[in-house]
Amino acid sequence: MASGRSIPTVNRISDLPDSIISHIISFLPIKFAATTCILSKRWKLVWLYVLILNFDDKAFNNFATFRKFVYSTMFSLRDKNTSIQSFTLKLGSSCRFQQRELNRILKFVMQRGVKNLNFDMFGRHCYIKLPPRILSCKTLQIIKLVNIKMWDFDQVNFPCLKILHLDSVDFTSPKYFVKFLYGCPILEELNATSHIYQESLVLENLNALPNLVKVRTYYDMDNLMTLVCKAKILHISQIHGMTWKTLPLFHNLTHMLLDSFHSSSRERRDCRSLVEILPHFPNLQYFEIWFKFSNFPGKIICSECLMVPPNPTIAPECLLSQLKSFSIKGYTGRECEFNFVKYIMHHSKVLETMSVRKSTLSTCLEKEQMLIKLSSCTRSSTNCKLIFG
């Protein structure tokens with residue numbers, strides 16, 4: 001039988017130093033971090049010393065309340081000497097901040113040594129201009145910008161920046177995009193999912209990003225691919241044919257994903273181009289393709305593609321000595337696709353895994369026929385395992 005004695009409770013969290021408590025609650029959105037002040041007198045001011053500020057207007061009933069909270073937290077209650085390591089500002093369609101207000105907020109965080117900046121205006125119907133002063137913030141290590149207008153600027157200086165994400169960031173000209181990257185000498189990760197419209201450019205420094213490891217971009221970078229040729233991991237989205245005439249050699253590249261590779265006779269998206277670009281990636285070890293087909297009436301026919309297989313006596317270096325894993329998604333069993341997979345298996349001497357994922361539109365009978373046909377392909381690597389599903 002249980003004794004009637006009660007078990008004493010111990011508030012161990014409150015016994016922790018203020019620095020540790022503020023670190024714990026810094027993982028909360030700032031609105032919820034502020035509510036911890038009601039827990040006890042000990043906790044009343046702790047939230048004002050958090051090093052991570054995360055403001056999101058979706059957490060508030062109206063913008064007036066949100067604006068008041070931002071201003072009171074940053075300019076009234078918070079100790080002016082407390083540094084800010086990470087700052088996030090997400091604004092939706094209800095945002096009524098004026099440009100001068102945003103300039104003041106960003107100036108405040110820059111003066112406090114911010115390292116991580118997430119400026120997300122995705123919910124707005126119009127672009128917000130990024131204050132020029134942010135382009136010379138020497139403490140920033142991570143920048144994530146969403147729905148930002150980049151007007152003409154003279155100089156960019158991010159000596160410590162390692163991660164750069166640009167989503168729906170509008171540059172007035174590709175030359176400013178290039179100038180932006182030139183200002184990030186030690187950049188390691190670039191996610192540029194913004195359309196950088198092409199124009200004739202002369203790239204002054206072809207070794208501008210020597211530390212680049214991971215890149216994600218849209219197809220329309222075209223001749224700007226020279227800027228990212230030092231990357232080890234490359235993810236390209238919305239592939240409308242691989243027709244880069246100035247594609248450089250990617251000596252360091254080991255992983256590549258081609259996402260939403262379009263293939264249709266109407267738009268002449270040829271699978272043959274996949275073979276033609278392989279010599280540009282001599283050390284490619286992991287290759288993944290996601291096919292996406294245009295929806296239009298009539299049977300899809302891939303003209304001038306791999307109906308005639310590539311020259312069997314010629315194979316790129318990556319197939320002969322490097323490629324270990326190949327994956328294709330959205331496979332429909334068309335002759336050109338089959339010839340491409342057959343070509344990879346026939347020439348890849350160290351291939352370990354060939355993964356083929358059928359299109360969701362394929363029937364069970366079609367799936368069975370695909371598997372029989374793929375299984376009949378000659379494999380140059382004795383260790384190659386075919387995975388089909």
Side-chain angles (χ1 to χ4, degrees), residues 142 144 162-167 181 184 186-194 206-222 224-244 246-263 271 273-292 315-331 337 340-341 343-345 347-357 379-381 383-389:
I142 300 173
K144 297 181 180 180
K162 294 184 178 181
I163 298 176
L164 175 62
H165 288 198
L166 303 174
D167 184 357
L181 294 185
C184 312
I186 66 169
L187 193 66
E188 297 177 0
E189 179 180 324
L190 172 64
N191 189 332
T193 53
S194 300
L206 300 182
N207 297 310
L209 304 173
N211 298 333
L212 204 57
V213 175
K214 185 177 181 180
V215 174
R216 182 184 179 189
T217 183
Y218 280 161
Y219 72 93
D220 58 359
M221 277 190 67
D222 197 18
L224 298 181
M225 293 298 288
T226 302
L227 288 174
V228 300
C229 67
K230 299 294 192 298
K232 297 179 181 179
I233 302 171
L234 181 62
H235 179 177
I236 307 179
S237 299
Q238 305 299 325
I239 311 298
H240 288 196
M242 302 288 283
T243 57
W244 299 315
T246 57
L247 190 66
L249 281 174
F250 284 71
H251 290 287
N252 301 330
L253 197 75
T254 58
H255 294 66
M256 182 163 66
L257 168 60
L258 304 182
D259 184 357
S260 299
F261 185 93
H262 289 252
S263 187
C271 299
S273 60
L274 293 172
V275 174
E276 293 173 348
I277 66 168
L278 286 177
H280 294 270
F281 312 103
N283 293 299
L284 185 63
Q285 298 180 22
Y286 302 89
F287 188 16
E288 187 172 356
I289 302 173
W290 298 358
F291 275 106
K292 180 179 181 180
E317 181 61 30
C318 62
L319 299 188
L320 296 177
S321 63
Q322 299 294 327
L323 192 66
K324 297 179 181 179
S325 175
F326 177 81
S327 175
I328 182 170
K329 296 181 180 180
Y331 183 80
E337 292 177 350
F340 179 60
V341 174
Y343 174 81
I344 297 294
M345 285 199 286
H347 290 289
S348 300
K349 297 185 178 300
V350 296
L351 190 65
E352 298 173 359
T353 304
M354 166 63 75
S355 177
V356 180
R357 303 296 179 185
R379 307 175 199 181
S380 180
S381 171
N383 296 324
C384 179
K385 180 180 180 181
L386 175 62
I387 301 174
F388 182 80

- Task: Output yes when a side-chain donor or acceptor of Arg216 lies under 3.5 Å from a complementary backbone atom of His235, and no otherwise.
- Result: no
- Query: Below 4.5 Å, heavy atoms only, C-beta onward: do Ile344 and Leu323 meet side chain to side chain?
  - Reply: yes
- Is a side-chain donor or acceptor of Asn283 paired with a backbone partner of Leu253 at a separation under 3.5 angstrom? no
- Query: Can you tell if the side chain of Val341 reaches within under 4.5 Å of the side chain of Tyr331, non-hydrogen atoms only?
  - Reply: yes
- Check the side chains of Glu189 and His165 for a donor-acceptor pair under 3.5 angstrom, ignoring hydrogens and angles. yes
- Message: Using 0.5 Å steps for rounding, measure from the NZ atom of Lys324 to the CD atom of Gln285.
- Response: 4.5 Å
- Rounded to the nearest 0.5 Å, how far does CD of Glu188 lie from NZ of Lys232? 9.5 Å
- Item | Worked verdict on Leu190 versus Val228 for side-chain contact (heavy atoms from CB on, under 4.5 Å) | CA-CA 9 Å; Leu190 172 64; Val228 300; 4.0 Å; yes
- Check whether any side-chain heavy atom of Ile236 sits under 4.5 Å from a side-chain heavy atom of Leu257, and report yes or no. no
- Quick one: are the ring centres of His255 and Tyr286 less than 6.0 Å apart? yes
- Is any side-chain heavy atom of Leu274 less than 4.5 Å from a side-chain heavy atom of Ile289? yes
- Item | Side chains of His251 and Pro282 in contact at under 4.5 Å (non-hydrogen atoms) | yes
- Message: Nearest 0.5 Å, please: how far is SG in Cys184 from NZ in Lys162?
- Response: 13.5 Å
- Just by distance, do the side chain of Ser381 and the backbone of Asn383 share a donor-acceptor pair under 3.5 Å? yes
- Query: Could you give the distance from SG (Cys384) to CZ (Arg379), rounded to the nearest 0.5 Å?
  - Reply: 5.5 Å
- Separation between OG1 (Thr353) and CD1 (Ile387), nearest 0.5 Å, reads 5.0 Å
- Message: Quick check: do Leu319 and Tyr343 have side-chain heavy atoms less than 4.5 Å from each other?
- Response: yes
- Give a yes or no answer on whether the side chain of Ser380 reaches the backbone of His347 with a donor-acceptor pair at less than 3.5 Å. no
- Query: side-chain contact (heavy atoms from CB on, under 4.5 Å) between Asn191 and Leu166: does it pass, once the steps are laid out?
  - Reply: CA-CA 6 Å; Asn191 189 332; Leu166 303 174; over 6 Å; no
- What are the two closest non-hydrogen atoms of Leu278 and Pro316, and how far apart are they? CB-CG, 3.7 Å
- Note on the structure: All heavy atoms of Leu164 vs all of Leu181, minimum pair found to be CD2-CD2, 3.9 Å
- Note on the structure: In terms of heavy-atom contacts, Phe250 and Leu247 come closest through CE1-CD1, 3.9 Å
- Note on the structure: To the nearest 0.5 Å, atom CG of Leu187 lies from atom CG of Asn211 at 8.5 Å
- Query: Side chains of Pro248 and Met225: does their closest heavy-atom pair fall under 4.5 Å?
  - Reply: yes
- Message: As a quick check of understanding, evaluate side-chain contact (heavy atoms from CB on, under 4.5 Å) for Asn252 and Lys230, giving each step before the final call.
- Response: CA-CA 6 Å; Asn252 301 330; Lys230 299 294 192 298; 4.1 Å; yes
- Message: Within the 4.5 Å heavy-atom criterion, are Phe287 and Leu258 side-chain neighbours or not?
- Response: yes
- Query: Of the non-hydrogen atoms in Arg357 and Phe388, which two are nearest, and what is the gap between them?
  - Reply: NH1-C, 4.5 Å
- Query: Strictly under 6.0 Å, is that where the ring centroids of Phe340 and Phe326 end up?
  - Reply: yes
